[in-house]
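Below is one structure, written out as structure tokens; the observations come after it.
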Amino acid sequence: MREPLISVRDLQVHFHTHAGVVHALNGVSFDLYPGEILGLVGETGCGKSVTGLALLGLIPPPGQVVGGEIRYRGQNILTLPPAQMRALRGGKIAMIFQDPAAALNPVFTVGEQIELVTRRHRRMGREAARRQAAEVLRSVGMPEPERILDTYPHELSGGMQQRVMIAMALSCGAEVLVADEPTTALDVTIQAQILDLLVDLKRTRGLSILLITHNLGVVAETCDRVAVLYAGFIVETGPTGAIFQSMKHPYTQGLLAAIPHPSSRGRPLQAVPGTVPDGLQLPPGCLFHPRCPFAWDRCRQERPVLREVADGHQVACHLYAGEAER
Amino acid sequence: MKVWEYILRRLLLAVLVIFGVSVVTFFIARVVPSDPAALWVGPRPSPDQIAAARVKLGLDRPLYIQYFYYLGNLLRGDLGVSIKTHQPIVRDLRAYLPATLELVLVGMAMAVFIGIPLGVLSAARRNRFLDHFSRLVAVASVSIPTFWLGLLLQLIFFGQLHWLPISGRVSIGTALYRPIQTVTGFYLVDTLITRNWPAFRDALTHIILPAFTLATYAIGLTIRMTRSTMVEVLQEKYIVAARAAGLSERTILFRLALKNAIVPTLTVLALSFVYSLTGAILVEVIFSWPGLGSYVTSAIINVDFPVIIAVTLVVTVFYVLINLVLDLVQVVLDPRVVLK
């Protein structure tokens, strides 16, 4: 069995607000292996972005990790001293964001921004940093990298901006890329180009990518494995094929049923009934039971844990408890 | 070059503005109920003397003719003569303007080097001790009366500690034994050029207290302004992205964020700079600083209108120039700003 590069176990994050404690993550567990793309899917507000930020130790205040661990190459990064964590960020674990126009600093050139990062992580002169920046831009498929170095972000298109972000993220040889909705703000054709680039980087560099998205189409096209997040809790995880063909969890089934399809033309769309629970007041037992068509007594009392139902396919649902124990 | 075209256009516009200001101040000065001729002659004049002075000063001619004479002189660089002292105003300005400029520039430098870092750190450590402290400093420095602060500083640093001189631009000893050769009128610059080190030291110690007293208000404004824009900028996505890239907090605050947040602060500094040119009167009086503020105040009390108009014009020129510089700086700082 391969060793996971990143291993998250029972991660719990709370936000202490005036209204009370918001339970953002309630036991997130997943592994990210070298050279794979893991899709993290879920509805808005289910804790996808918080999970991504947690991997970089960047949970914004008043958020706080209250339990669990995040291991990078076996080391728990939650207990690292700040200086070592900073070296890890951008050095080994990098992140790109949903809106590249907002994630690039508007008053510095592309070159200045990339060079700042490379010179932070690697001792090199200005000239060398500039050459390195041009090189990394070329590696993400940017035409005329030397010219791009002297442009400002607003002079580039959305797709180019996202390429710059990716280049900056990879400029210091990061092994893990957290991609938080990297294509949501882009046109469909550009989306496809960026996703192709990510798949390409996985193949050529062996990059591991945590792809955070709410778009199941994106997941089907790019991800090797999928983890489904609901109310800050992983309800199902497994190989992409298994998830799409034999999804187990009622929530995953609901999500997939909600995808419009030509054959369902004329019929109303199957939305998951109800809404995501309020992080201030989580339901007891299974977090999904108030919306679940199959809920029974046990679901209202006991929180299910992830159990293997097939090779690499795990689900947290009492419906399959028997199957796993059999 | 597009930039030069822009500068040229702005300068031509500035000439118009200065012309307008000269018209307005000239006519306002003449409708104020006072008799320049009587002032010119001095105490207890005879009617004959006043009549003679009226002719000599051209006050017997129509107002618009007077203005054209004035404008003609102005274009030749002649700002006229003080009615009270009969001194050429240009000569007075050459003495007072550098003194004030030197004081104000040092004060502004203090505002930049104290106010901006405090504002930045205050925003970075929002609602923590340093933030509360610097906000207290900000509120205190805009609300403490200048004259009181000036006296207090004199009491402490001259009266108690004997660290700094109480007033003036240089001490008598320096004036007698190491006289400063006037080149620019800025003592700190002149002493540097002529390598008159003891005098430089002396001028430096003399300027600290008045410049700081003058700067307190600007320091307070700078802290508040920098803090509020920095708080906004620090919420931007590119700051999270910079943190995600592992950049140090110092780089993030003082390079990446500050360049996005600095323009409103510079605007405030520029405005207080222009204001201080004539608004430093209290500081100038307390520290016996021979500057523009005391010059124009005595002119106002005496209704010495050629001096009032001249100083108004000088301040206008600075106002226009500072605004031009501010606009150009903005273009340099933010590539999205386009000159129109």
Side-chain angles (χ1 to χ4, degrees), chain A residues 49 52-53 55-62 82-110 112-114 116-122 150-155 161 164-165 167-172 174 177-178 180 185, chain B residues 2-3 116 120-132 226 229-267 326-339:
Chain A
S49 294
L53 288 170
L55 291 193
L56 288 104
L58 284 178
I59 303 232
Q84 281 186 40
M85 190 63 223
R86 257 203 311 279
L88 209 59
R89 268 183 227 138
K92 296 295 176 198
I93 308 175
M95 186 161 180
I96 59 173
F97 298 88
Q98 175 170 349
D99 185 2
L104 287 164
N105 197 317
V107 300
F108 289 90
T109 64
V110 166
E112 284 168 334
Q113 297 189 50
I114 299 179
L116 259 183
V117 178
T118 49
R119 296 188 66 190
R120 159 76 181 82
H121 291 284
R122 293 176 178 182
D150 294 322
T151 58
Y152 286 95
H154 72 278
E155 297 168 318
Q161 288 169 343
V164 169
M165 279 306 294
M168 201 186 316
L170 300 181
S171 60
C172 297
L177 181 67
V178 177
D180 187 0
Chain B
K2 207 165 152 280
V3 178
I116 292 179
V120 169
L121 293 175
S122 189
R125 313 223 193 305
R126 197 138 70 106
N127 295 327
R128 305 238 295 272
F129 173 75
L130 184 75
D131 186 25
H132 294 308
T226 309
T229 38
M230 278 294 287
V231 163
E232 258 172 63
V233 168
L234 286 178
Q235 321 228 323
E236 294 283 348
K237 201 87 203 202
Y238 52 76
I239 298 301
V240 181
R243 293 216 170 92
L247 296 176
S248 70
E249 207 58 13
R250 205 177 60 190
T251 309
I252 290 174
L253 290 178
F254 287 97
R255 264 184 90 171
L256 298 175
L258 188 56
K259 197 175 174 193
N260 281 280
I262 195 79
V263 168
T265 304
L266 291 182
T267 310
L326 202 60
D327 285 352
L328 293 174
V329 165
Q330 214 170 326
V331 173
V332 172
L333 287 177
D334 191 340
R336 291 166 302 178
V337 175
V338 183
L339 293 176

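What you see is a predicted model; the values in this text were computed from it and never measured. Chain letters run A, B, ... following the sequence lines, proteins first and then strands; every chain starts at 1.
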Open item on the list: Please classify the contact between B:Val233 and chain A as side chain, backbone, both or neither, with a heavy-atom cut-off of under 4.5 Å.
Closed with: neither
- [ ] Look at A:Met95, A:Met168, A:His121 and state which one has the largest set of heavy-atom pairs under 4.5 Å with chain B.
- [x] A:His121
Task: Heavy-atom contact with chain B under 4.5 Å, split by part of A:Ala87 - done: neither
TODO: Examine distances only and state if a side-chain atom of B:Lys259 and a backbone atom of A:Phe108 form a donor-acceptor pair shorter than 3.5 Å.
DONE: no
Open item on the list: Tell me the closest heavy-atom pair linking A:Pro106 and B:Tyr238, and the distance in Å.
Closed with: CD-CE2, 3.3 Å
Task: Test applied, side-chain contact (heavy atoms from CB on, under 4.5 Å); reference residue, A:Val107; option that passes from B:Val263, B:Val332, B:Asp334, B:Val337 - done: B:Asp334
Open item on the list: Which atoms of A:Leu104 are under 4.5 Å from chain B, going by heavy atoms: the side chain, the backbone, both sets, or neither?
Closed with: backbone
Task: A:Ala103 to B:Ala241 - nearest heavy-atom pair and separation - done: O-CB, 3.4 Å
- [ ] Kindly give the heavy-atom pair with the smallest separation between A:Phe97 and B:Ala244, and that separation in Å.
- [x] CZ-CB, 4.2 Å
TODO: Measure A:Ile96 against the heavy atoms of chain B and call it side chain, backbone, both or neither at under 4.5 Å.
DONE: neither
- [ ] Tabulate, in ascending numerical order, the residues of residues 249-257 of chain B having at least one heavy atom closer than 4.5 Å to a heavy atom of chain A, or enter 'none'.
- [x] B:Thr251, B:Arg255, B:Leu256
Task: Heavy-atom side-chain proximity of A:Arg89 to B:Leu247 below 4.5 angstrom - done: no
